There are 2 protein chains.
Amino acid sequence: MRKKITKRKITLLDVAKAADVSAITVSRALRHPASVSAKLRERIQHVVDDLGYVPDPAASALASARTNVVGVLIPSITNNVFAGVLRGIYMEAEKAGYGIQLGNTRYSMLEEERLLRVFLSQRPAGLIVTGIDQSSAARTQLLRADCPVVQIMEIGDKPIDMMVGFSHRDGASTATQHLVDCGYTRIAFLGARMDPRTQRRLEGFSQCLKQAGLFDQRLVVTTPKASTVTLGCELLSELLARAPDADAVFCNNDDLALGVLFECQRRQITVPTDMGICGFNDLEMMAVANPAITSVRTFREEMGREAMGSLLASIAGTVVEQPVIDLGYELIKRQSTRSVK
Amino acid sequence: MRKKITKRKITLLDVAKAADVSAITVSRALRHPASVSAKLRERIQHVVDDLGYVPDPAASALASARTNVVGVLIPSITNNVFAGVLRGIYMEAEKAGYGIQLGNTRYSMLEEERLLRVFLSQRPAGLIVTGIDQSSAARTQLLRADCPVVQIMEIGDKPIDMMVGFSHRDGASTATQHLVDCGYTRIAFLGARMDPRTQRRLEGFSQCLKQAGLFDQRLVVTTPKASTVTLGCELLSELLARAPDADAVFCNNDDLALGVLFECQRRQITVPTDMGICGFNDLEMMAVANPAITSVRTFREEMGREAMGSLLASIAGTVVEQPVIDLGYELIKRQSTRSVK
DNA sequence: TCTCTAAATGATTGCGCAATCATTTGTCAA
DNA sequence: TTGACAAATGATTGCGCAATCATTTAGAGA
């Protein structure tokens, strides 16, 4: 299957000879055009185009001890939420000519450590990691890394380097308070996966309800399973079996919320009067469901862009003035929650 | 922000000295354990663990003119369909110790060419590209590439090297025939993005309906916009404005189908009696919608796994016995289509 | 025990580039 | 015109590893 290459590779030296300059001058002309006179730059560029010279990243990496690849560690590649973030990351990376190496930690700290070791051995230009709950070994590796690091999705007190995210606890708390304000009194929490961010959402939920004197542990239904629409149906069924008087649910995320809506439709439970529904992330489809589903909007693509932007600035040597960026969230109230006082 | 590394890097030579063997023996012990005696292998492994030696991929790539990175070109990173494929790709790649470099062509042939040039300059171990409609320049590049290539998502006559996919035309045709068999007579096509695969689905749709004597160009509603649930609502509205008598829709994909269902609910159009709905891909949520939505199931994760599997086999030098793998599809009939004769 | 062959191990070299330091050229003010 | 200094360019070297070829050792058969 493998084809043979017959033609010898065009190297920097070939270009240099053809342009009648030294190899290093060609190298400079391509990497730091400003450091070469305009005349030479033009001549060299012409020869480069002519010969079809393409730099060898491996040789460059070896000589400079630095690649132009940014490592990105996320816990899932099928989760819609990360798709948006990745999109933002790619957009910025591409513009700047950086490549992305993606690692899937599958919500496992051990796997994260392993991938980190692999990635760091490749001398990345920078690293983007998800969340703020790295294992202490991973944290140590990241602190020692000789490249900038951005933690995304969340914000916290002790950034390894930079952070771009928002407070999941506050987002959940705001959403829950909205349900309380609507007059719902038996408000449930449906949670899948239960990763650190979901945990914090549950904290925000619990805190808010305790303050309102409405917290009931029996209304908290969680599972370690991955979140799906189907699972939303199942969790609602479980909730109703346990607590038939539940009158609202705050869902870990929008997949579950949609499943809850579908299950309510099947059970002839009227939304929002018999059951209020609130999701998290505000996926595009939330706005067109029947009824449209209230959700906490998060700025995922922007998060990716900001993360890569900070990283690139740091790689370029700029002192990043704002190492922790809080992108916030926005509660989008729709028909699935309404005042039932 | 950048930290300084003080400790010198541990190299192959350091390990070799500590184990009292030559550097190349250490290299062999790590890459081809079988070619080194068991005794030595063990001694070397011990020293490697002891010193925490990690090979430098850049040096390895330079010396061997080969990386352990597989380039993957997909047209979208937010599209659910590719998320599944990527998952399969990552699973296999990880097991074999290969890294993935992802490129987003954004449905642009020019961008694909550009990314191909970038990727090929990095001496990838293999390439996975989407579809069979590469530009002739891209195709030439791929044919010349000195690494194995897998085309995914579709199958066709002239594989560059290997292919893993299915026939979109046949899938669409089967789904359309099902609608015909149900007794629908004014069957519409809703299509977004209109990439080559969607085009072929439209071809299958048209061909089937022409054969049944039911084809009507006014029932074909397409847009270059990216597919979303919201867009499904809009396209149905457009269809009904144009042809109020439409009694079934075959949707380009499941996002649109869900949007159509939502819009039918809003308009009090009863599914499946007043309107039959069929999607494509069979995303998880199709099964739990109300009514559950008929769809053409595709085997996306398996496609990723098979593609990477073939690639790895080819990289390993195995002669791939089956260069074109047709994974087929499966029509999943649900409540959104029912006999209305 | 000796030869022959295969398996195991080693020495040398170069992959293509950028860092470092050295040198040349150009520019400006006195 | 000259000197001083900055800008532009060049020569050398080594990054860490694997390919190639050479050599040694072990094992089998006679």
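Each chain gets a letter, A, B and so on, in the order the sequences are listed, and its residues count up from 1. The figures that follow rest on heavy atoms only: side chains count, while hydrogens, waters and symmetry mates do not. All values derive from a computational prediction rather than experimental measurement.
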Whole angstrom value for the distance that separates [atom2] of [N] from [atom1] of [X]:
X	N	atom1	atom2	answer
B/Leu13	D/dC17	CG	P	9 Å
A/Tyr53	C/dG16	OH	C1'	7 Å
B/Ile10	D/dC17	CD1	P	11 Å
A/Arg31	C/dC17	CZ	P	11 Å
A/Leu30	C/dA19	CG	P	14 Å
B/Asn68	D/dC17	CG	C1'	13 Å
A/Lys17	C/dC17	NZ	P	13 Å
A/Leu12	C/dC17	CG	C1'	7 Å

Verify salt bridge (Lys or Arg N to Asp or Glu O under 4.0 Å) between A/Arg66 and A/Asp146, making sure each step is shown before the conclusion.
CA-CA 10 Å; A/Arg66 181 69 48 209; A/Asp146 69 331; 3.0 Å; yes
Under the salt bridge (charged side-chain N to carboxylate O under 4.0 Å, His left out) definition, can you give me all pairs with a residue in residues 15-44 of chain B, not counting sequence neighbours?
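Salt bridge (charged side-chain N to carboxylate O under 4.0 Å, His left out) check on residues 15-44 of chain B returns no pairs.
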Write out a two-atom table: protein N or O, nucleotide N or O from nucleotides 10-15 of chain C, distance below 3.5 Å.
unit_1: C/dG10; atom_1: OP2; unit_2: B/Ser22; atom_2: N; d: 3.0
unit_1: C/dG10; atom_1: OP2; unit_2: B/Ser22; atom_2: OG; d: 3.2
unit_1: C/dG10; atom_1: OP2; unit_2: B/Thr25; atom_2: OG1; d: 2.5
unit_1: C/dG10; atom_1: N7; unit_2: B/Arg28; atom_2: NH2; d: 2.8

Would you say a side-chain N or O of B/Ser37 is under 4.0 Å from OP1 or OP2 of C/dA8?
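It does not, given that no N or O in the side chain of B/Ser37 lies less than 4.0 Å from OP1 or OP2 of C/dA8.
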OP1 or OP2 of C/dA8 sitting under 4.0 Å from any side-chain N/O of B/Ser35?
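For B/Ser35, the contact criterion (side-chain N or O under 4.0 Å from OP1 or OP2 of C/dA8) is not met.
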Got a salt bridge between B/Glu111 and B/Arg114, using NZ or NE/NH1/NH2 to carboxylate O under 4.0 Å?
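Result for this pair is yes, salt bridge flagged.
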Nearest heavy atoms of B/Gly165 and B/Met303, plus distance in Å
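In terms of heavy atoms, the two residues are closest at CA-SD, 3.8 Å.
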Do other residues, nucleotides or ligands put more than 12 heavy atoms under 6.0 Å from the CG atom of B/Asp49?
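It does: B/Asp49 CG has more than 12 such atoms within range.
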Given A/Met308 and A/Ile100, is the side chain to side chain contact (heavy atoms under 4.5 Å, CB included) satisfied, shown in steps?
CA-CA 11 Å; A/Met308 187 51 87; A/Ile100 296 293; 3.4 Å; yes
